[in-house]
Chemist: 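For reference, the structure I am asking about is given below.
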2 protein chains.
Amino acid sequence: MTSAAVAGSGLGEAGGAGRGPDGGFSLPPGRALTICLELQQAILEHRLQPGMKLSEDEVGEIFGASRTVVRAALHALAHSGLVTIERNRGAFISRPTIREAHEVFEARALIEPRVARMAALAVTEAQLETLKAHIEAEHVALDAGEMGKSLSLSGLFHIAVSDIADQQVLGAIIRQLISRSSLIIALYWKRPDTACESHSHHALLEAMATHDGQAAEEIMKSHIVDLHSGLELKERPHHGQTLAEVFRG
Amino acid sequence: MTSAAVAGSGLGEAGGAGRGPDGGFSLPPGRALTICLELQQAILEHRLQPGMKLSEDEVGEIFGASRTVVRAALHALAHSGLVTIERNRGAFISRPTIREAHEVFEARALIEPRVARMAALAVTEAQLETLKAHIEAEHVALDAGEMGKSLSLSGLFHIAVSDIADQQVLGAIIRQLISRSSLIIALYWKRPDTACESHSHHALLEAMATHDGQAAEEIMKSHIVDLHSGLELKERPHHGQTLAEVFRG
DNA sequence: TGCCTAAAAATTGTATACGATTTCTAATTG
DNA sequence: CAATTAGAAATCGTATACAATTTTTAGGCA
């Protein structure tokens, strides 16, 4: 199984028809979905940085779509928390506040351990293999120096766990929180170069392999607390960068 | 303090600029917000029933707006889970499945008790008075036989508690869950005429008054479990009703 | 009568045009 | 020279028009 195959499923199309790019609700129709997913992936891989302006005209020209559909896509991303829209000013990649950063990881520390427990009890052999491949893909991306890809895959691992638990409502919430975590990490991560812990993922995998719900819950809890404490909470400036540089250059 | 004054704040405008009608994210601009809130209130008060079609033209005519803005409003409601949009078919009031009903209340049972504990520790005297007024308003609506209003106020009480905890992220999640709970209750509530328990709310208020976090957490937990067990999980038919009958008649 | 088919009507998806607000620029002035 | 201010440019909010899809309805046939 290749890295691409693993990355293919996850944040985006999961959840069936009518579900959003964040695993939330109500995806935009037709072409807007494509733009939505494309932008989301770019944001999650940190190719688009928090604070960047997303002009309707510019996005429309890049993706060859009219402003109508671009607006739908931007609004959808706004609903998922990745984009902030200011009236008469436009859309920007969200810049989570320090407080919001705390709250997001506290919420994850509350919700994800419970879901990990459920996943451990329900997981099948095939799913364990898939998780293993996920971790493998994380390593590959990390060794290749593709930090953005590696981080995106790390998020997908959490989503894969939540999918195994087969809880759609909590799963949708977790997807949102993970998306926002990506923005938070982009802004506040302490060591931009350091390997971001796939050790915990491996430990969780082993707990799930033995269907040890209690252990899975505890590992997930401490894993998220670790992530939380890996943040450095000081204000960061946002250096301007244009959209075209990312999608054209 | 009047009932109207209490009902005025809550699901809708809370959260500040840029926040959605569900307490989620990114409200639609200008006029769309009005339509959004109006429809939401109608749904939450069970004046609009699950399954009902929300035609863009029809909604636009009723609110005197173009389809453009109506679409934005409907999409926003879709993102909050109150409305389901099917491609090339239109928007409908969501009909939560039985499984989704279970999951929503299980999620609430996980999240709300924690938030209730935080609220109990942070609550001020003034906030306690406001909560008291909320409960009073619930009674008034109930005695007046206004079931929809009463139920809507019951949801607002939970939101008020979450606001006291001052957790924006968990608060937004709770708002969504409560909105969806309203749909679930409309579909699956066992006793349509029975008084829907404001006793628990009073007990929670007392625990909060003494800043007893442990008690608040436990009361909230059992309260939500009670709500969950008050559901009857069998398929319900959906009787067609038109929009105009609700907003015009 | 029941069912299949095709045309018509209704509804949504998308593009474009215009008005309102904001932002940028440059000339003016103390 | 810095601050201010009017004008221009850019950008968003909304309305309307047309295309694509679905739903309904009318007709024909076994």
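Labels below follow one simple rule: chain letters A, B, ... track the order of the sequence lines, proteins then strands, and each chain is numbered from 1.
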Chemist: Between protein and nucleotides 15-17 of chain D, what N or O pairs are separated by less than 3.5 Å?
Modeler:
residue: D:dA15; atom: OP1; partner: B:Arg31; partner atom: NH2; Å: 3.1
residue: D:dA15; atom: OP2; partner: B:Ser66; partner atom: N; Å: 3.3
residue: D:dA15; atom: OP2; partner: B:Ser66; partner atom: OG; Å: 2.5
residue: D:dA15; atom: N7; partner: B:Thr68; partner atom: OG1; Å: 2.8
residue: D:dT16; atom: O4; partner: B:Thr68; partner atom: OG1; Å: 3.3

Chemist: Check the distance between D:dC12's C1' and A:Glu86's CD and give it to me in whole angstrom.
Modeler: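 From A:Glu86 CD to D:dC12 C1': 12 Å.
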
Chemist: Tell me: CD1 of B:Ile85 to C1' of C:dG13, nearest whole Å?
Modeler: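 So the CD1-C1' distance, B:Ile85 to C:dG13, works out to 12 Å.
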
Chemist: Minimum heavy-atom separation for A:Gly64 to A:Arg31, with atom names?
Modeler: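 Between these two residues, the closest heavy atoms are O-NH2, 3.4 Å.
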
Chemist: Between A:Glu58 and A:Lys53, does at least one N-O distance fall below 4.0 Å, as a salt bridge requires?
Modeler: no

Chemist: To the nearest Å, how far apart are A:Glu58 CD and D:dC12 C1'?
Modeler: 15 Å

Chemist: Between atom CG in B:Asp57 and atom P in C:dA9, what is the gap in whole Å?
Modeler: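 Result: 16 Å.
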
Chemist: In the structure I gave you, are the side-chain heavy atoms of B:Val69 and B:Phe63 within less than 4.5 Å of one another anywhere?
Modeler: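 The answer is no, as the side chains (C-beta and beyond) never meet within the 4.5 Å cut-off.
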
Chemist: For B:Pro96 and B:Arg180, work out which heavy atoms get closest and say how close.
Modeler: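 Looking at all heavy atoms of both residues, the shortest contact is CG-O, 4.5 Å.
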
Chemist: Could you tell me which residues satisfy ring pair (Phe, Tyr, Trp, His ring centres under 6.0 Å) with A:Phe92, sequence neighbours excluded, listed by chain and number?
Modeler: none

Chemist: Tell me the interatomic distance from A:Leu243, atom CG, to D:dT11, atom P, rounded to whole angstroms.
Modeler: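 Atom CG in A:Leu243 sits about 12 Å away from atom P in D:dT11.
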
Chemist: Without decimals, in angstroms, what is the distance between A:Glu56 CD and C:dT14 C1'?
Modeler: 15 Å

Chemist: Grab the N/O contacts between the protein and nucleotides 21-24 of chain C below 3.5 Å, and write none if there aren't any.
Modeler:
residue: C:dT23; atom: OP1; partner: A:Arg89; partner atom: NH1; Å: 2.1

Chemist: Partners of B:His102 by ring pair (Phe, Tyr, Trp, His ring centres under 6.0 Å), sequence neighbours excluded?
Modeler: B:His228

Chemist: When the distance from CD1 of A:Ile35 to C1' of C:dT14 is rounded to whole Å, what number comes out?
Modeler: 12 Å

Chemist: Sort and list the pairs that fulfil ring-ring contact (aromatic ring centres under 6.0 Å, His included) and have at least one residue in residues 32-61 of chain A, not counting sequence neighbours.
Modeler: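 Residue pairs passing ring-ring contact (aromatic ring centres under 6.0 Å, His included), neighbours aside: none found.
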
Chemist: Taking A:Thr130 for the side chain and A:Ala126 for the main chain, is one N or O donor matched with an acceptor at less than 3.5 Å?
Modeler: yes

Chemist: Going by the rule side-chain hydrogen bond (donor to acceptor under 3.5 Å, both in side chains), which residues pair with B:Ser181 if we only count those two or more places apart in sequence or in a different chain?
Modeler: B:Arg108

Chemist: Distance check needed: D:dG13 P versus A:Leu74 CG, whole Å only.
Modeler: 10 Å

